[in-house]
Amino acid sequence: MAIIGNPKYEARINHHLAKYETKRSAVMPLLYIAQEEYGWVNPEGIDEVAQILNLDPTQVKSIAGFYTMYSEKPKGKYWLHVCTDLPCALQGADEFYAWLKEELGIAEGGISEDGMFTVEHVMCLAACDKAPMLQCNFRYVENLDQDKMRALLAKWRQEAAQPVAAAAGE
Amino acid sequence: MHILLRGRDIANFKELATYEKHDGFAGLKNALAMSPAEVIDVVKASGLRGRGGAGFPTGVKWSFIPQHEPVKYVTVNADESETGTFKDREIMEENPYQLIEGSLICAYAIQAKAVYIYLRGEFWDIGDQLDACIEALREKNLVGENILGSGYDCEVYTHLGAGAYICGEESALLNSLEGYLGQPRVRPPFPAQKGGGLYKEATVVNNVETLANVPYIMREGADAFKAIGTEQSAGPKIYCVSGHVKRPGNYELPMGATFRELLYEHAGGPLHEDRAFKAMLPSGGSGPIVPLTDEVLDTPMSYEHCAEIGTIIGSASIIIMDESVDMTWVASKVTKFFAHESCGKCTPCREGTYWLDKVIDRILDGRGTADDVQRIADVAENMAGTTLCALGDFAANPIIHTIRHFPDDFAQHVQA
Ligand SMILES: Cc1cc2nc3c(=O)[nH]c(=O)nc-3n(C[C@H](O)[C@H](O)[C@H](O)COP(=O)(O)O)c2cc1C
Ligand code: SF4
Ligand code: FES
């Protein structure tokens, strides 16, 4: 679908447009909405955001490119950001991240064969006392080890295998 | 008893009814009964200094705002992205109303039209929670028009960043909020001046923890606040402890408590009994590293005492490393952070951080020479002070100070 004219986003888009002095200020929240709709910030999403804000698509694209939380390519359903910055690394985060990539059989930034997972390492996420940790689709998952991680991966795979139930629970 | 982490003492403190029952908004009510200038005087007299890193006196910052300007803003810096920092997150998760109350007091003191809370993008859930708090306050006439019948109007909004450390730098934050690339601005004009702030209007930018202190000051008075801490460092502080200690976490203690008290009494001492403490980064990746000697351990955690031992307390992101840690690896980790986070606007920072990262990798791989070590020290020295924002200086610190204090850790990797 699209984000323009999509009843799912109408109220949120209007809320963001009303919040700021200029339309341009709404570019970041609108890019999140585009990413939510398309799974990544694709050219259609960029064009729509530009249209809503009366901006040039190249301007919107440069904003999207500046920030790491907008993905400029397709990614897995579960986007995992593992912190490997210094405090987490002092608690074994580098080893944890290496293990996780192996467990999923993917390299940094890749998508697992089933389309489920993308993993990337990131800088400090303000959870340094709970390492190893990650964010999954921008939600915190903390105090991890290999066993807990395996259980979580299984849970997410199961959730994805029951799309109807998952949608109903939303 | 905590002043900032009150959510630890009182159950359900993040609910409005509980917050109100425990003196919530008493500080704001006192402020509304005063003139804006009087509020600024109280905050000045309290000695409160900015908790975002630089330690600038908060009341003085507010007094820079030209009162005659019709439109002014408050921007709350909730970008919290410095390596090792996780205090603002706990304040906002467990004590959100205190932050909003402090922001409203600041807004009243400078007669701001609105408050924007700039959250790092990963604080998605915190943004939702704060939005709900703001709506609850609107119901109670604590946000919006004619707040508590005072005739003063103020809106409060949240804004999510999207993963860029540089947006914690105040002028980059303002650019990001306006929908431009999150890169620092040339100053002057400064944010507090017309032309330099949000939408070119005079703007106060304060850290979350800074503003969370303000309700206490307005409720209990400047003297009560000044009675906590040291002569030049008033009030309580949240210390974020991470790395090789038994109990990493946030600890709220007065400014001026010693590192020893924090690390042994509260954080439980060394993680591994058989390994001694080796080094400490007291202000995350951006401040100078120090060897964890007895002298350092007995130093009070204040702006003035940390300067005496050649470092800063900054945002108090205290990263502890024991004797198993190679400081060349630490320099590499921290340099990778800055190389990744350099916004690319000025050449010494962009090229310098990139190049430093490559050479340290070479040294760590055993392909470096003693000359390489000297060269990275020189490059770092030359980078400091030549850049548009302080990130350039931050990036020089890990190199300069690890080499200065731990030369053997570098020497072991290189041939002479
Ligand atoms: C590269 C860089 C990153 C910064 N990141 C933050 C941050 O994440 N949070 C913060 O409060 N201040 C940060 N600061 C400091 C702000 O520029 C500013 O000094 C601060 O928000 C002022 O608030 P305060 O006076 O209450 O400390 C950063 C500064 C620089 C140079
Ligand atoms: S010093 Fe670095 S981060 Fe700061 S403006 Fe220059 S390039 Fe950007
Ligand atoms: S270093 Fe990983 S969350 Fe801070």
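Computed from a prediction, not measured in an experiment: that's the story for all the values here. Residue numbering restarts at 1 for every chain, and letters A, B, ... go by the order of the sequence lines.
Across all their heavy atoms, B:Q129 and B:E93 have their closest contact at NE2-O, 3.0 Å. Taking each heavy atom of B:C349 and B:L391 in turn, the nearest pair found is SG-CD2, 3.6 Å. Considering every non-hydrogen atom in both B:C154 and B:V115, the closest pair reads SG-CG2, 4.0 Å.
In this structure, a donor-acceptor pair under 3.5 Å is present between the side chains of B:T83 and A:D85. Looking only at atom types and distance, the side chain of A:Y38 has a donor-acceptor partner in the side chain of A:E48 under 3.5 Å away. In this structure, a donor-acceptor pair under 3.5 Å is absent between the side chains of A:K19 and A:N14.
Taking the centre and axis of the six-membered ring of A:Y140, the NZ or CZ atom of B:R89 falls inside the cone set by 45° and 6.0 Å.
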Next item on the list: Could you walk me through whether A:E21 and B:K200 pass salt bridge (Lys or Arg N to Asp or Glu O under 4.0 Å), step by step?
Entry: CA-CA 11 Å; A:E21 285 304 306; B:K200 299 207 168 0; over 6 Å; no

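Contact annotation for B:S317: neither backbone nor side-chain heavy atoms come within less than 4.5 Å of a heavy atom of chain A. No part of B:R247 comes within reach of chain A, as not one of its non-hydrogen atoms sits under 4.5 angstrom from that chain. Heavy atoms closer than 4.5 Å to chain A are found in the side chain of B:C167, but not in its backbone. With a 4.5 Å cut-off on non-hydrogen atoms, A:D94 touches chain B through its side chain but not through its backbone. Contact annotation for B:Y199: only side-chain heavy atoms (C-beta onward) come within less than 4.5 Å of a heavy atom of chain A. Within the 4.5 angstrom heavy-atom criterion, only backbone atoms of B:T85 (N, CA, C, O) approach chain A. Residue B:E341 touches chain A through its side chain alone, counting heavy-atom pairs closer than 4.5 Å. Neither the backbone nor the side chain of B:Y165 comes within less than 4.5 Å of any heavy atom of chain A. For B:I319, the part sitting under 4.5 Å from any heavy atom of chain A is the side chain, from C-beta outward, and nothing else. Only the side chain of B:L281 comes within less than 4.5 Å of a heavy atom in chain A; its backbone stays farther off.
Note: A:Y70 and A:Y67 have perpendicular aromatic rings, judged against thresholds of 30 and 60 degrees for the angle between ring planes.
Among the candidates B:L160, B:V245, B:V241, B:L181, the residue making the largest number of heavy-atom pairs closer than 4.5 Å to chain A is B:L181. Between chain A and the options B:G284, B:S324, B:G161, B:C240, heavy-atom pairs under 4.5 Å are most frequent for B:G161. Interface remark: of the candidates A:G65, A:P87, A:C83, A:A64, A:P87 forms the most heavy-atom pairs closer than 4.5 Å to chain B. The most heavy-atom pairs under 4.5 Å with chain A, out of B:E90, B:H340, B:E122, come from B:E122. Chain A forms the most heavy-atom pairs under 4.5 Å with one residue out of B:T158, B:D88, B:L271, and that residue is B:T158. Of all the listed residues (B:G163, B:A114, B:P248, B:A162), the one sharing the greatest number of non-hydrogen pairs under 4.5 Å with chain A is B:A162.
Considering B:Y73, B:Y118, B:F123 in turn, B:Y118 is the only one that fulfils the ring pair (Phe, Tyr, Trp, His ring centres under 6.0 Å) rule with B:H159.
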